[in-house]
2 protein chains.
Amino acid sequence: MNNSQKHTAVSSKTVGRLSRYRRLLRQCREQEDCLFSHRLAELAGVTPAQVRRDIMAVGYSGSPSKGYEIKTLLQHIDNFLDPPIRQPVALVGVGNLGRAILAFFAGRRPKLKIVAAFDKDPHKADRVIVGCRCYPVEQLADIMQNHGITIGIIAVPASAAQETAAALVASGATGILNFAPTPLRVPATVYVEDIDLTTSLDTVAYFARSTREPSLERST
Amino acid sequence: MNNSQKHTAVSSKTVGRLSRYRRLLRQCREQEDCLFSHRLAELAGVTPAQVRRDIMAVGYSGSPSKGYEIKTLLQHIDNFLDPPIRQPVALVGVGNLGRAILAFFAGRRPKLKIVAAFDKDPHKADRVIVGCRCYPVEQLADIMQNHGITIGIIAVPASAAQETAAALVASGATGILNFAPTPLRVPATVYVEDIDLTTSLDTVAYFARSTREPSLERST
DNA sequence: AATTATCTGTGAAAAAAATCACAATATCAA
DNA sequence: TTGATATTGTGATTTTTTTCACAGATAATT
């Protein structure tokens, strides 16, 4: 009954959608006990087949008559997505964006928590911002190793992003969430997810013009 | 010489990469006059073939001997990505994240500018935050129509996201950048781009474990 | 002028992602 | 028990996205 990584490597798209399903399921577990793929699909804005495919990855089977038992499905998704023990996170860059990120993640997820923030500006060091201790960047390596941090969030200006990434990797990071508008050079063993606000806004602006053919978006 | 939308509809992935190329090109236009696809690919962390394909969309051809003339290529990308005149943007939700977004976009892009922010909290109304006038949500429709706003950024809590989206669409939005962790129901003619911090962090956390096979990431 | 080297632009192929479609299955109704 | 109905899980297919690979182009070299 090993349900860990046995199938042919789950894609990041599937992982992302599972995270989204989880949130939706948590919301509706009070109202309902079970739901069908088409119901979850509707909530998530995807197709039922997509939902079923994604759920295959977590190794849980629903019943043709009742669909998926929400409680059990959630357990399976949690088990799939969540780290076995604890995966502490470091944030680098405590500007506007950094503070917003701290506030956003504060208090959720005990296992996936921002346990340390870093900033170049010594004025910001040794303070507690939104419940998170802030250190000067010089201490990055030390503190990351002390806490066993393997995930870094980069919220520094583009000009400092590459060196920040290098420092994170050197201190043991194997995953980076990058808000800086710069592509990062990291070893192939490090997973990087970019959140590029400019690019996203440009894309929205582009498609907001030119009344496109009713395309990929969710409808009523 | 019509180089507008003639080809078979450009994908959002291509639009996003063009936005990224543009930023990189601006950075290196001082140093260099021309560059090859493999150089831009290296900067952007993609393959040369990808770069060439993407550039096809903007209707510009490089020279086999000199590559792409940076100045001209930039003009073509700008012409492709930028709105003909002006595409004002509205931000809804002036919490931590909203303010960070305002700060992030402040001063850039004259044609694609956040011209109005809205918040439910009347305390935040009628102030100027990071250079942007803030109004109570009640005035959303009025002000959007006055300014001819067609792009909305949603930075409200998940619980208010759907109604915000509906209000934006009702007031003329055809593109939405959604930071709320909820799928939005909008007509198929409205383009939505989701930026889901939780999902992104979950994905990074997932791939940060399990030393994956050297996969899709950029290497040294 | 011919040769070489290297690039672009793009048809064709491959890979990745999403969807279709249907056998297997569970439940209900009679 | 049988039949009718509706859903799951998944092989096969389709669609989308990326990459390959090469003809055609340009300049430098001889």
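Each chain gets a letter, A, B and so on, in the order its sequence line appears, and its residues count up from 1.
Between the B:Glu193 side chain and the B:Leu177 main chain, no donor and acceptor come within less than 3.5 Å of each other.
The side chain of B:Lys13 lies closest to D:dT18, out of C:dT19, D:dT7, D:dT18. The side chain of B:Tyr68 approaches C:dT8 more closely than any other nucleotide in the set D:dT7, D:dG11, C:dT8.
One interatomic measurement links the two molecules: CG of B:Leu18 to C1' of D:dT17, which rounds to 15 Å at whole-angstrom precision. Rounding to whole angstrom units, CG of residue B:Leu73 and C1' of C:dG9 are separated by 14 Å. In this entry the distance linking CZ of B:Phe36 with C1' of D:dA25 reads 13 Å, nearest Å. Counting to the nearest Å, the C1' atom of C:dG9 and the CD1 atom of B:Ile55 are 11 Å from each other. Per the geometry, CG belonging to B:Asp54 stands 14 Å off C1' belonging to C:dT10, to the nearest Å. In this structure, the CG atom of B:Leu35 is 16 Å from the C1' atom of C:dT6, given to the nearest Å. Going from atom NE2 of B:His76 over to atom P of C:dG9 covers 11 Å, rounded to whole Å.
At a threshold of 4.0 angstrom between heavy atoms, the contacts of B:Arg39 with the nucleic acid are absent. Within the 4.0 angstrom heavy-atom criterion, no nucleotide atom of any strand lies near A:Thr14.
Between B:Tyr206 and A:Tyr191, the ring centre distance reaches or exceeds 6.0 Å.
Side-chain nitrogen and oxygen atoms of B:Thr47 include none within less than 4.0 Å of the OP1 or OP2 phosphate oxygen of D:dT18. At the phosphate of D:dC20, neither OP1 nor OP2 sits under 4.0 Å from any side-chain N or O atom of B:Arg53. In this structure, A:Ser61 does not reach the D:dT8 phosphate: none of its side-chain N or O atoms is under 4.0 Å from OP1 or OP2. Between B:Gln50 and the phosphate of D:dT19, there is a side-chain N or O to OP1/OP2 separation shorter than 4.0 Å.
Results of the side chain to side chain donor-acceptor pair (under 3.5 Å) test with A:Arg22 over B:Thr199, B:Asp202, B:Thr198 single out B:Asp202 as the only residue that passes. A side-chain contact (heavy atoms from CB on, under 4.5 Å) with B:Val156 holds for exactly one of B:Leu91, B:Val92, B:Leu97; it is B:Val92.
Between A:Lys111 and A:Asp78 there is no salt bridge, since no side-chain N of the basic residue sits under 4.0 Å from a carboxylate O of the acidic one. Between B:Asp33 and B:Lys71 there is no salt bridge, since no side-chain N of the basic residue sits under 4.0 Å from a carboxylate O of the acidic one. Using a cutoff of 4.0 Å between basic side-chain nitrogens and carboxylate oxygens, B:Asp54 and B:Lys13 are not scored as salt-bridged.
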Anything under 3.5 Å between a protein N or O and an N or O of nucleotides 21-26 of chain C, put it in a table, one pair a line.
| residue | atom | partner | partner atom | Å |
| --- | --- | --- | --- | --- |
| C:dA21 | N6 | A:Arg52 | NH2 | 3.1 |
| C:dA26 | O3' | A:Ser65 | OG | 3.1 |

